[in-house]
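Step one of this worksheet: look at the structure below.
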Amino acid sequence: MSAAPALELAVQDVAGVEVAASVGARRVELCAALGATGGMTPGPGLLAAAVERATAVEVHVLVRPRPGGFVLVDGELDVQVREVAAAVSAGADGVVVGALSADGTVDTVALRELVAAAEGTEVTFHRAFDQLAAPTAALDALAGLGVTRVLTSGGAPRCADGVDRLRACAVHSRDVLDGAVQVMAGGCVRVTDVPVLVEAGVDAVHLSAKRVVTDDGGPGGGGGSGYEVTDPVVAAAAAAALSVAR
């Protein structure tokens, strides 16, 4: 029987790191403002605390200084290179980055600098991948740049609806690239989606397993919007689903 795909959880606090470790996740993607923006670069204090507490799980840091699209404007590459270097210096096991050219292809110039700044730590290309018209050609380019894995929903709003493209990417990576770039399924993943994602042949499954805690911050604190936390019950259920769906 083959090994189960790895579990990665997107987390936004130290408690999320500890939940991930407790359920046997391989990695966390550490980020901020996940629900509101799709994820932003976490602050240095959170990063330092997460690395210190992560004794049984890898910490991979999202580097995304602003919401919106992935075509970089003047000065943004410099910022991202600095943030990658800072994450590595703080002890992160990897970074999560992404940049596109105006023509909708991988920005190879930017990626080359970001990979160099990572100094040998693992680099994940995030869901900017889902905006690419030619995903297998992008896998070829990313393999040549030294990227470790891609995070993708198969180009669909939900992973479960992008299975055909996920499978095609997994097959291309395995059969053409000899596994040089791992394919990690992520994007509105539910526990019930795990079996079909595993059947598609992906190397890892990524989800946030989050829930919202109601906490009224008043007129100066966002009102009653509350905040997101990693739900240990959902995280454990995802881990259990991965352990049997292989």
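Since the structure is predicted, the reported quantities are computational estimates derived from the model, not experimental observations.
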* Please examine the side chains of Val61 and Pro42, heavy atoms only from C-beta on, and report whether any two atoms are closer than 4.5 Å. => yes
* Which residues, ordered by chain and number, are linked to Val109 in its hydrophobic cluster, where ILVMFWY side chains connect at heavy-atom gaps below 4.5 Å, directly or through other members? -> none
* Asked: After noting the C-alpha distance and the side-chain angles of His172 and Asp140, does the key distance pass the side chain to side chain contact (heavy atoms under 4.5 Å, CB included) rule?
  -> CA-CA 9 Å; His172 184 82; Asp140 294 341; 2.7 Å; yes
* Kindly compute the distance separating CZ (Phe125) from CZ (Phe70), expressed to the nearest 0.5 Å. => 8.5 Å
* Asked: Would Leu34 end up clustered with Leu30 when hydrophobic side chains under 4.5 Å apart are linked, directly or stepwise?
  -> no
* Asked: Under the 3.5 angstrom rule, does the side chain of Ser22 hit a backbone N or O of Val19 as a donor-acceptor pair?
  -> yes
* Is there a donor-acceptor pair closer than 3.5 Å between any side-chain N or O of Thr124 and the backbone N or O of His126? -> no
* Say whether, by atom type as modelled, one donor and one acceptor occur between the side chain of Gln12 and the main chain of Ala33 under 3.5 angstrom. => yes
* Is the count of non-hydrogen atoms from other residues, nucleotides or ligands lying under 6.0 Å from Arg82 atom CZ greater than 12? -> no
* **Check: Glu76 side chain, Val73 main-chain N or O, donor-acceptor pair, under 3.5 Å** => yes
* CG (Asp175) with more than 12 external heavy atoms under 6.0 Å -> yes
* CG of Asp231 to OG of Ser208: how many Å apart, nearest 0.5 Å? -> 10.0 Å
* **Asp78 (side chain) donor-acceptor with Gly75 (main chain) under 3.5 angstrom** => no
* Okay, side chain of Asp93, backbone of Val59: is any donor-acceptor separation there less than 3.5 Å? -> yes
* Under the 3.5 angstrom rule, does the side chain of Asp130 hit a backbone N or O of Gly155 as a donor-acceptor pair? -> yes
* Have a look at Glu8 and tell me which of His60, Arg26, Arg27 forms a side-chain hydrogen bond (donor to acceptor under 3.5 Å, both in side chains) with it. => Arg27
* With no hydrogens and no angle check, is any side-chain donor or acceptor of Thr37 less than 3.5 Å from a backbone partner on Gly39? -> yes
* Asked: Does Val63 belong to the same Ile/Leu/Val/Met/Phe/Trp/Tyr cluster as Met184, with side-chain heavy atoms less than 4.5 Å apart forming each link?
  -> no
* Asked: Given Leu62 and Met40, is the side chain to side chain contact (heavy atoms under 4.5 Å, CB included) satisfied, shown in steps?
  -> CA-CA 7 Å; Leu62 176 63; Met40 301 279 288; 5.5 Å; no
* **Pair Arg127, Ser153: side-chain N/O donor-acceptor within cut-off below 3.5 Å** => yes
* For side chain to side chain contact (heavy atoms under 4.5 Å, CB included), just list the numbers for Glu113 and Gln80, CA-CA rounded to whole Å, side-chain angles, deciding distance to a tenth of an Å, and then say yes or no. => CA-CA 9 Å; Glu113 290 195 37; Gln80 292 198 25; over 6 Å; no
* Give the cluster check for Leu207 versus Val229: same hydrophobic cluster or not, with ILVMFWY residues linked at side-chain heavy-atom distances below 4.5 Å. => no
* Asked: Can we say Arg53 and Glu18 salt-bridge, meaning some charged N sits less than 4.0 Å from an Asp/Glu carboxylate O?
  -> yes
* To do: May I ask you to decide whether Glu83 forms a salt bridge with Arg64, counting only side-chain N to carboxylate O separations under 4.0 Å?
  => no
* More than 12 non-hydrogen atoms from neighbouring residues, nucleotides or ligands closer than 6.0 Å to CZ on Arg165, yes or no? -> yes
* To do: Would you mind checking if Glu122 and Arg149 are paired as a salt bridge, meaning a charged N to carboxylate O distance below 4.0 Å?
  => yes
* To do: Run through Leu114, Val95, Leu145, Leu142 and flag the one making a side chain to side chain contact (heavy atoms under 4.5 Å, CB included) with Val123.
  => Val95
* Is a side-chain N or O of Asp178 found less than 3.5 angstrom from the main chain of Ala180, in a donor-acceptor match? -> no
* Answer with yes or no whether the hydrophobic clustering places Val205 together with Val23; edges join I, L, V, M, F, W, Y residues whose side-chain heavy atoms lie under 4.5 Å apart. => yes
* To do: Give a yes or no on whether Val106 and Val81 share a hydrophobic cluster (residues Ile, Leu, Val, Met, Phe, Trp, Tyr; joining criterion: side-chain heavy atoms under 4.5 Å apart).
  => yes
* To do: Keeping the roles fixed (side chain from Ser173, backbone from Val181), state whether a donor-acceptor pair exists under 3.5 Å.
  => yes
